[in-house]
Amino acid sequence: MKQTLPLVTEWKVMHAEPWLGPTTACSALPLAERWVAAEVPGDVHLDYERAGLIADPFFGTNHDHCRWMEEWDWWYRTDLVPPTPGPGQRLHLLFEGLDVFATVYLNGKEIGRNQNMFTPLRVDVTDFVLPGTNRLEVCLGSPVSPPGRLPSPEVRGYGSPLRLQVRKAQSCYGWNITPRLVTIGIWKPVSWLLVEPAEFADVFVSTIALRPDGSAELEALVELRHNHGAPGPVEVDLTVAGQLRTFALPGDPAGGRHVERFTVPQARLWWPHDHGAQPLYEWSAVLRRDGRELDRRMGRFGIRTVDLIQEPAADGTTSFIVAVNGRKIFLKGMNWTPVDAIYARINDARYRELLLVTKDACINALRVWGGGIYEHDSFYAQCDELGILVTHDFMFACGCYPQDPAFLAEARREAEFQVRRLRHFACVAVWFGDNENDVLADLSFNYPAYRHNRLSKEILRDVVRAHAPLTPYVPTSPYSPSVYDQNSPREGDCHLWAHGQSYKAEIFSTAQPRMVTEIGHMGMPDMAVIERFVSPDQRWPIWNEEYLTHGSDCTRLDRRGLLWSMFQSIQARGWEEPKSLEDLITKMQQLHSEASQYWIELYAGQPDCWGIFLWSLSDCWPQISPAYVAYPFHPKPALGAVKAAYSRVSR
């Protein structure tokens, strides 16, 4: 039977000049002394900080002094003894996440490449393994030198246009909520796979229909993968919600595909937590050939349907409503951005504390923002358990992306992997093609024709239709398809921003949106957080480099703008200018709370608005921002205001 064995070994890492490698790289030290102990999964910034080679990049302006790291190649090395395949088996090596331009070597021979942080690399290494100890090496090329990608005038966007050529988290190249800290590392687990001639590629259970008698019609899709040897027939034992089916599939060198239908009487439906319970059913599957077990899988699923209702109204507007199990749901939302700027550090415990506070604040929906990462499985599994809906951007944000065949092919491969992975979770309700690409192409990048791009209008759409056809897809956010203004409140979703103005300014108070998927107000963290990133002699006044780079201006494009907007907001409220840091904290925390409550009450009170997603749940490093939970876990008072306001919304 197929086995997955975690690759447990001692790794080391070193930086080397591009193209020279770890044996000829220029070094003031003997090369043997340049290696640093590494953790996998991990990131080279963490390894070098542990080794005392860099200071904590989250304090002061230390991250500026790490910029050299993004310009080098990084070599991981380990010596190990691989497991021995059994009769009829072969040995595969699986890297779940390589960040980002990876070339893998076994005993000096190249065995695989990958150029996407968001896709795994799986290689058959049977013919490369030697008896005894083997040397495994991974070279991660400089993430600011994308192989084969050249600057193009059509590729433009927020911050550095270089990021648009690279398939990794966009915000690590610098954003207004994240530092310029370009991550590098084997950031997800590595495993050995002892594989049989055939295995399950996937087993996916979906809800086809809910019947008036309380039953649910399910469809189970079984997909096979052919690994090696001559194709031959296989038998499958498939159990869904306690119902067992056994069937045979013919051998197919391209794999195999089979669909089984199930009826679950008196089905217990999955709901957002404020509308019902979150029961999860189990499925399991066993694959055999000639009585020999080849593979075994199991999982959980929720029985639920999701629809995106977009219907014209008499006044010329078009609705934008998410319905779960036929019931319209007001999305009491929050934007979810990366919860750590070093993504390898994100773990189940971090998810748990943030998702528990999410549910406690009466939030029933999270919007995974397109400038970050596709989260780990445990994030979505916990959302399933807690009853938190997820609307999900693909990881493209604030730019006009390349449209050449090679880039689009890689984007399709990424999307296929992620949609197939995330379609198993009941919480994933809607896919959006990107964050703000179309609206900014027009307003900021002088490229209005980009709204007809193939990436979001064809490639990503077709992937969702092929692999999760019952999941709604929206090409971009915000999106207003029938009018020129992509941020029109009369259809689709919209983003409302006006830093420095009163939270009751006309842009907010007169808006009548169908759904608000971004809206936020600056809010100061507590003093304990400020002490984590500002030197004692720099804490007041705030007009210094340490505050500026941690003040929602990490890209240094706007410098004083967002910090100055706090003083403008205080003035708009009719208050005196703060005379101390403590005064600034008190006033901005109160403004943050007032704005949150006002916006929730305003838009939840409009019968044609069916959701608001505040910006954003948590910070990824210590900073001043609109987030409701300061890094690493310091809830701001405004989260209490959100809880109070959302608790009064019953739609």
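It should be emphasised that the depicted structure is a prediction, and the values quoted were computed from it without experimental measurement.
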Checklist outcome for this item: side-chain hydrogen bond (donor to acceptor under 3.5 Å, both in side chains) pairs touching residues 632-643, sequence neighbours excluded, are Asp360-Lys643

Next on the checklist: Considering only residues two or more places apart or on different chains, which pairs with a residue in residues 570-579 satisfy side-chain hydrogen bond (donor to acceptor under 3.5 Å, both in side chains)?
Outcome noted: Arg573-Glu594

Flag the pair [X] / [Y] as yes when their ring centroid distance falls below 6.0 Å, and as no otherwise.
X      : Y      : value
Tyr380 : His392 : yes
Tyr48  : Trp74  : yes
His273 : Trp271 : no
His592 : Tyr628 : yes
Phe394 : Trp431 : yes
His521 : Trp615 : no
His376 : Trp187 : yes

In terms of relative ring orientation, are [X] and [Y] parallel, tilted or perpendicular, with 30° and 60° separating the classes?
X      : Y      : answer
Trp497 : His499 : tilted
Trp72  : His15  : perpendicular
Phe396 : Tyr401 : perpendicular

Is it the case that [X] and [Y] place a side-chain donor and acceptor less than 3.5 Å from each other?
X      : Y      : answer
Glu414 : Gln418 : no
Gln170 : Tyr158 : no
Thr476 : Asp438 : no
His63  : Thr549 : yes
Asp493 : Ser477 : yes

Measure the shortest side-chain to side-chain distance between [X] and [Y] over non-hydrogen atoms and say whether it is less than 4.5 angstrom.
X      : Y      : result
Trp540 : Leu584 : yes
Leu181 : Cys172 : no
Trp336 : Trp369 : no
Arg367 : Asn435 : yes
Leu389 : Asn364 : no

Item to check | Heavy-atom pair of closest approach, residues Ser480 and Asp485 | outcome: CB-O, 3.2 Å

NZ/NE/NH1/NH2 to OD/OE distance under 4.0 Å, [X] and [Y]:
X      : Y      : value
Asp377 : Arg421 : yes
Arg352 : Glu385 : yes
Glu546 : Arg539 : no
Asp99  : Lys168 : yes

Is the side chain of [X] donor-acceptor paired with the backbone N or O of [Y] at a distance under 3.5 Å, no angle test?
X      : Y      : answer
Asp384 : Gly387 : no
Asn335 : Phe613 : yes
Thr510 : Glu506 : yes
Arg163 : Tyr173 : no

Item to check | Working for side-chain hydrogen bond (donor to acceptor under 3.5 Å, both in side chains), residues Gln512 and Tyr603 | outcome: CA-CA 8 Å; Gln512 295 183 316; Tyr603 299 121; over 6 Å; no

Checklist entry - Between Phe320 and Trp610, does a ring-ring contact (aromatic ring centres under 6.0 Å, His included) hold up when you go through it step by step? => result CA-CA 7 Å; Phe320 196 81; Trp610 281 89; over 10 Å; no

Item to check | Spacing of Leu366 atom CG and Lys332 atom NZ [to the nearest 0.5 Å] | outcome: 13.0 Å

Next on the checklist: So if I apply the ring pair (Phe, Tyr, Trp, His ring centres under 6.0 Å) rule between Tyr631 and each of Trp621, Phe533, Phe58, which one comes out positive?
Outcome noted: Phe58

